Amino acid sequence: MAKAEPYKILSNNKKAYFDYFVEEKYEAGIELHGTEVKSIRQGKCSIKESYIQIDNGEIFIYNMNVTPYEKGNIFNKDPLRPKRLLLHKFQIFKLAGAVKEKGYTIMPLNVHLSNGRVKLEIGLCKGKKLYDKRRDIAKKDQEREAVKEFKIKNLY
């Protein structure tokens, strides 16, 4: 019997790292129905426009788009339905307390397979200011130039 890959990223939210400082990361399970798992395993999900909220002691992800499974017909669910995340109670309370502080939010970072199960990595984030974003862009430009110069020096 073949072993499942330990960690395979299916969907990534690059915008979260650009717009926010990620201070803590959590791995949460997702409550899925029917053919949603098959669709996600094919990589047909998007978390770019999604957000996370805590309601009555439960944590939900909204606007996570799971494209309907083409062979699922009547068993397919609404692609944008809110999905409950599976975390321990103390983790949810810790996140709820942090969100009440000024500037903190919970962002989905990626959807991945962990030992055959669909997991969502969420982060406790603090928003970046415009000058922070400019600093990150300048840093990436410097790294790109350094790599380019290194290639040119080693070529001759």
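Everything quoted here is computed from the prediction, not taken from an experiment.
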Hey, can you pull the donor-acceptor pairs under 3.5 Å for the side chains in residues 13-22, sequence neighbours left out?
{"unit_1": "Asn13", "atom_1": "ND2", "unit_2": "Pro108", "atom_2": "O", "d": "2.9"}
{"unit_1": "Asp19", "atom_1": "OD1", "unit_2": "Lys133", "atom_2": "NZ", "d": "3.2"}

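- To the nearest 0.5 Å, atoms OG (Ser114) and CD (Glu27) are separated by 4.5 Å.
- Criterion: ILVMFWY side-chain heavy atoms under 4.5 Å apart, direct or through other members. Under it, Leu85 and Leu124 are part of a common hydrophobic cluster.
- Residues Lys119 and Ile30 have side chains not in contact (no heavy-atom distance under 4.5 Å, counting atoms from C-beta outward).
- Rounding to the nearest 0.5 Å gives a distance of 11.0 Å between CZ of Arg81 and CD1 of Ile61.
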**Report entry** side chain to side chain contact (heavy atoms under 4.5 Å, CB included) assessment of His88 paired with Gln91
**Finding:** CA-CA 5 Å; His88 294 286; Gln91 291 174 327; 3.7 Å; yes
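- Residue Glu121 holds its CD atom at 12.0 Å from OG of Ser11, rounded to the nearest 0.5 Å.
- Annotation: ring-ring contact (aromatic ring centres under 6.0 Å, His included) contacts of Phe150 (sequence neighbours excluded): none.
- The nearest pair of heavy atoms linking Leu113 to Leu10 is CG-CD1, 3.8 Å.
- Within 6.0 Å of CZ in Arg117 there are 12 or fewer heavy atoms belonging to other residues, nucleotides or ligands.
- Counting only distance, with no hydrogens or angles, the side chain of Glu36 and the backbone of His33 share a donor-acceptor pair below 3.5 Å.
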Requested in this report: List the steps, then state whether side chain to side chain contact (heavy atoms under 4.5 Å, CB included) holds for Ile52 with Leu95.
Outcome: CA-CA 11 Å; Ile52 296 173; Leu95 288 170; over 6 Å; no
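- Across Ile54 and Ile92, no two heavy atoms sit closer than the pair CD1-O, 3.9 Å.
- Taking CG of Leu86 as the start and CD1 of Ile59 as the end, the distance is 10.5 Å to the nearest 0.5 Å.
- Judged as a ring-ring contact (aromatic ring centres under 6.0 Å, His included), the pairs with a partner in residues 43-65 (not counting sequence neighbours) are, in order, Tyr51-Tyr62.
- Here the shortest heavy-atom pairing between Ile40 and Leu32 reads CD1-CD1, 3.7 Å.
- Atom CD of Glu49 sits in a sparse spot, with 12 or fewer heavy atoms from other residues, nucleotides or ligands closer than 6.0 Å.
- Remark: Asn110 engages His112 in a side chain to side chain donor-acceptor pair (under 3.5 Å) (not counting sequence neighbours).
- Membership of an apolar cluster is not assigned to Val147, as no side-chain contact below 4.5 Å to another ILVMFWY residue is traced.
- For the salt bridge (Lys or Arg N to Asp or Glu O under 4.0 Å) test, no residue two or more places apart in sequence or in another chain qualifies with Arg41.
- For the residue pair Val66 and Lys83, the shortest heavy atom distance occurs at CG2-CE, 3.6 Å.
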Requested in this report: Go through the steps for Asp141 and Arg144 under the test salt bridge (charged side-chain N to carboxylate O under 4.0 Å, His left out), then give the verdict.
Outcome: CA-CA 5 Å; Asp141 287 343; Arg144 199 176 301 122; 2.8 Å; yes
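- Here the CD-CD distance, from Glu31 to Glu58, works out to 8.5 Å after rounding to the nearest 0.5 Å.
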Report task. Dump the intermediate steps for side chain to side chain contact (heavy atoms under 4.5 Å, CB included) on Leu87 and Ile122, then the final yes or no. Result -> CA-CA 11 Å; Leu87 282 173; Ile122 61 175; 3.8 Å; yes
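- Connection of Met64 to Ile106 is established within a shared hydrophobic cluster, with ILVMFWY side chains joined at heavy-atom distances below 4.5 Å, either directly or through further cluster members.
- Using a distance-only test at 3.5 Å, with no hydrogens or angles considered, a donor-acceptor pair links the side chain of Lys89 to the main chain of Gly57.
- Checking each of Val118, Thr67, Val111 against Cys45 for a side chain to side chain contact (heavy atoms under 4.5 Å, CB included) leaves exactly one that passes, namely Val111.
- Scanning both residues, Ser39 and Pro68, for their nearest heavy atoms gives OG-C, 4.3 Å.
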